[in-house]
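Beneath this line is the structure, given in structure tokens, with notes to follow.
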Number of protein chains: 4
Amino acid sequence: MADEMEQWLASLLRLNDEEEKMTDKQIKIIQAAVEMFAEKGYAATSTSEIAQKAGVAEGTIFRHYKTKKELLISIVTPIMSKLVAPFVLRDFHKVLDSEYEHFEDFLRAVMRNRLEFALKNAPIIKIMLHEIPFHPELQTQFKEQLFPQVADRVKRIVTHFQSRGELVDMPPFTLIRMAASVIVGYILTRSLILPDNNWNDAEEIERAVQFIMHGIMP
Amino acid sequence: MADEMEQWLASLLRLNDEEEKMTDKQIKIIQAAVEMFAEKGYAATSTSEIAQKAGVAEGTIFRHYKTKKELLISIVTPIMSKLVAPFVLRDFHKVLDSEYEHFEDFLRAVMRNRLEFALKNAPIIKIMLHEIPFHPELQTQFKEQLFPQVADRVKRIVTHFQSRGELVDMPPFTLIRMAASVIVGYILTRSLILPDNNWNDAEEIERAVQFIMHGIMP
Amino acid sequence: MADEMEQWLASLLRLNDEEEKMTDKQIKIIQAAVEMFAEKGYAATSTSEIAQKAGVAEGTIFRHYKTKKELLISIVTPIMSKLVAPFVLRDFHKVLDSEYEHFEDFLRAVMRNRLEFALKNAPIIKIMLHEIPFHPELQTQFKEQLFPQVADRVKRIVTHFQSRGELVDMPPFTLIRMAASVIVGYILTRSLILPDNNWNDAEEIERAVQFIMHGIMP
Amino acid sequence: MADEMEQWLASLLRLNDEEEKMTDKQIKIIQAAVEMFAEKGYAATSTSEIAQKAGVAEGTIFRHYKTKKELLISIVTPIMSKLVAPFVLRDFHKVLDSEYEHFEDFLRAVMRNRLEFALKNAPIIKIMLHEIPFHPELQTQFKEQLFPQVADRVKRIVTHFQSRGELVDMPPFTLIRMAASVIVGYILTRSLILPDNNWNDAEEIERAVQFIMHGIMP
DNA sequence: AATGAATGAGCCTTCATTCAT
DNA sequence: GATGAATGAAGGCTCATTCAT
């Protein structure tokens, strides 16, 4: 369901297909840059390393991206959009009403879907997390364009379930933050911090959802 | 209580007093480095910038720290120790038994104490979070020395309260991770991500503790 | 004769043509480096001086030579080969048999030929002499690869003339060392120590040969 | 004999006793400097290395020697004087007349005496040889003060034996150069180039003397 | 006399970027 | 479009030297 949603959104906003317009070399450049930026960080990666790993001449990078920073932005910007895509979906609320009877189902869907996404895009997400704080352009994008939209939309959902008496009465932003902490905490631990553990995702997701719903009291 | 504990620990392990052995210039160098590393990241900060901000000659930095990386390590290592100090405390468990009647009280104490610590050391914690993934020396310190000790000790506490029937029956590591997500989520949001919001810490901590204990069902 | 020999050797081993593969700037860099290294010594010459004298950017040096030491080695290594080239010639002994009836003729040919070589390559030979003792890489090249080959071959020549009764009976290595002292002594004095004297090379060579053959007794 | 001569000269010119006026630390500085300069060359040796090896503070070096170069000069200048001391001896000619009946005896005495000196002072001689070409101050000392005196005096000796018909008729400077080549060639090979060979000095000296006198013809 | 912290010029090297081919 | 040689500014670090203690 959520996957279909995302595909629909993507087709509307063309969030998925950037690579299709790229030349062969351009794709190799991006792949090499992602790998290196994730491994050593943006500032510690040199354009010559990227060129070497991509198997292109150093000049070729600058034919496609005016500066090294433009290369970074062209990597991070799409992932930010895709990361929050399902939440930005225009008719999310309406769709939601009909799809998820309980908040619990919504949580479960989000967690599954975003975990899958994170596993597929772990290196780019790592880059995003590390570079956003140091690049005002990226911060602006996140703080002014993406975050408010998401917050607003999720707030409506929470308010909706609160009004149905399914959720505790609490400032929605606080409630969202705490639930999000658990979800994000798992997804990051799972995909970036300890990806080599033996994870039973289904089990862990179920526990997280139960924890969010009922806490740790027996 | 926890504060006293920490002071005791500190006095035992001398975790607090590094700065007292430093010369005047050395302190200025560290302060300048912390400021710049937090603002621009380690790799993007030049030693000449640090020297200028510290008001010393560039050579002076290298008289005290053989390399730029040694300067980073001398900043990050102590904060890692201090960050987990209360948990590493040898007789933590015993002390705990007598101090906290319920798990809830423990959560509250930890959250208050570590938030205060994070607010006081926000820039260094930011540096630590950003640089650990790129510096094997720091990873080693964290993964092999600090993390296991903490995990082990907190696990005992959780098991203790589980055996008293106060906590739901669940793998302790999972339970800890989820509770920690909420605590860490708040502390990072509060001190690094959105420090400029108007936060009512007492209220937020209480809500977080209740969330951890009872979830979001009414 | 010896000249033809050397040309033949060179054509076989391509010892002469390194410069032909070099770019215009690379030649200028080498020339400037040779001039400066000979004038001030390797350690006291800065890469920025070399760049300036060569009329290139400092970075250009490092595009062609990964390090300053690699630049030194690329200057010294070929001269070592060329310096001993005639002696390393595979069929030297056979050629010699037919060319030089007496040891005296051999001495004369070697002295003329190597003096000409030294005069043409004085600065590089100066560099070689000064830097070999401080750079293990160069020592190895000399001690293990070049020197033994030469010593071995010249030893055979000496033994040959000794067996013909033309030379005094004495350990060949000692005899070679003493004759070489005279030859090298003249060539170095002539080309490096006092190059500005008015030298009559033909006369001095003849005297040196007579000295080697008959000593200083009347 | 030659030793007594030297002692007499030394007492006259105070060439031997520099160290006696030195403080303990000063001696250690000189020793450390000699060791390092000989091992790595003057330009490649740092004052801090010298200080460390000497076990003194870096500042102490500059209390005794205004600059690093002054330290070098204070090492090299005395060795130059001592190296040629026997030849500079005022009444050398007269003394000689009575001491050495044949030129051969003179050669033998010089070779023995200067070899002993070279073995005792090998590192300083190495420094001298390497640094003279790069330091005009040292060149001046050598070319204008020491060398002419020596050349002049030895020339008289050679002329003396030539007039007695003991030596071949040849420009004295040429004759000296060739004999000196053999002597210097052996001493340098013996003390600096291949000091680790098994040398039979008495034998080698005798062969060298015979070579100088009679050449290599049987 | 001796120290060693402090200096800042200068070192070798790397960098992102340009441009002729 | 792709190349890679060339650039020169800037990087981290070392140096000889000074000076207050």
Side-chain angles (χ1 to χ4, degrees), chain A residues 23-26 28-29 42-52 54-71, chain B residues 23-26 28-29 42-52 54-71, chain C residues 23-26 28-29 42-52 54-71, chain D residues 23-26 28-29 42-52 54-71:
Chain A
T23 78
D24 178 43
K25 304 231 164 195
Q26 213 168 343
K28 277 184 187 159
I29 290 170
Y42 168 78
T45 301
S46 73
T47 50
S48 78
E49 278 174 298
I50 296 171
Q52 202 182 349
V56 303
E58 218 174 332
T60 308
I61 293 175
F62 290 91
R63 190 146 286 283
H64 292 288
Y65 306 92
K66 267 202 289 291
T67 64
K68 187 186 166 193
K69 184 165 252 172
E70 199 181 295
L71 175 58
Chain B
T23 82
D24 179 40
K25 305 232 165 193
Q26 213 168 342
K28 277 185 189 159
I29 289 169
Y42 168 77
T45 301
S46 74
T47 51
S48 79
E49 279 175 298
I50 297 171
Q52 201 178 352
V56 303
E58 206 173 344
T60 306
I61 293 177
F62 292 92
R63 177 155 290 277
H64 293 289
Y65 304 93
K66 268 198 289 290
T67 63
K68 188 188 168 193
K69 184 165 248 170
E70 197 181 296
L71 175 57
Chain C
T23 81
D24 178 43
K25 306 231 165 196
Q26 212 169 341
K28 278 185 188 159
I29 290 169
Y42 168 77
T45 300
S46 74
T47 50
S48 79
E49 279 175 297
I50 297 171
Q52 202 178 352
V56 303
E58 208 172 343
T60 306
I61 294 176
F62 291 91
R63 177 156 289 278
H64 292 289
Y65 305 94
K66 270 200 286 291
T67 64
K68 189 189 168 192
K69 184 165 247 169
E70 197 181 296
L71 175 58
Chain D
T23 77
D24 179 43
K25 305 230 166 198
Q26 212 168 343
K28 276 185 188 158
I29 289 169
Y42 169 78
T45 301
S46 73
T47 50
S48 79
E49 276 175 299
I50 297 171
Q52 201 182 350
V56 303
E58 217 174 331
T60 308
I61 294 176
F62 290 91
R63 190 145 288 281
H64 293 288
Y65 306 92
K66 267 203 289 291
T67 64
K68 187 188 168 192
K69 182 165 254 171
E70 200 180 295
L71 175 58

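Throughout, protein chains are lettered first and strands after them, A, B, ... in sequence-line order, and every chain is numbered starting at 1.
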Interatomic distance, [X] [atom1] vs [N] [atom2] [rounded to whole Å]:
X       : N      : atom1 : atom2 : result
A:Ile61 : E:dC15 : CD1   : C1'   : 12 Å
A:Lys28 : F:dA2  : NZ    : P     : 11 Å
B:Glu58 : F:dC15 : CD    : P     : 15 Å
B:Phe62 : E:dC12 : CZ    : C1'   : 14 Å
C:Ile29 : F:dA5  : CD1   : P     : 12 Å
C:Gln52 : E:dC11 : CD    : P     : 11 Å
D:Glu70 : F:dT17 : CD    : C1'   : 13 Å
A:Lys68 : E:dT14 : NZ    : P     : 15 Å

| query | Given that C:Asp24 and B:Ser48 both sit by DNA chain F, which one's nearest nucleotide is further toward the 5' end? | reply | C:Asp24
| query | If each of C:Ala57 and B:Tyr42 is mapped to the nucleotide of DNA chain F with the nearest heavy atom, which maps nearer the 5' terminus, i.e. the 5' end? | reply | C:Ala57
| request: Determine whether the side chains of D:Glu58 and D:Thr47 contain a donor N or O and an acceptor N or O closer than 3.5 Å. | output: yes
| field | Under 3.5 Å: donor-acceptor pair, side chain of B:Lys68, backbone of B:Tyr42 | value | yes
| said: Using the side-chain heavy atoms of C:Lys25, tell me which of these nucleotides is nearest: F:dT7, E:dG4, F:dA16. | reply: F:dT7
| Given that A:Ala44 and A:Gly59 both sit by DNA chain E, which one's nearest nucleotide is further toward the 5' end? | A:Ala44
| remark: Heavy-atom nearest nucleotide on DNA chain E taken for C:Ala43 and for B:Thr60; more 5' hit belongs to B:Thr60
Does [N] have OP1 or OP2 under 4.0 Å away from a side-chain N or O of [X]?
X       : N      : answer
A:Ser46 : E:dT14 : no
B:Lys66 : F:dG12 : no
C:Arg63 : F:dA5  : yes
D:His64 : E:dA1  : no

| said: Restricting to non-hydrogen atoms, name the atom on D:Tyr65 and the atom on D:Ile29 that form the minimum distance, rounded to 0.1 Å. | reply: CE1-CG2, 4.3 Å
| request: Could you please name the partner base of F:dC19, counting Watson-Crick and G-U wobble pairs only when both distances are under 3.5 Å? | output: E:dG4
| query | Is the number of heavy atoms from other residues, nucleotides or ligands under 6.0 Å of C:Glu70 CD greater than 12? | reply | yes
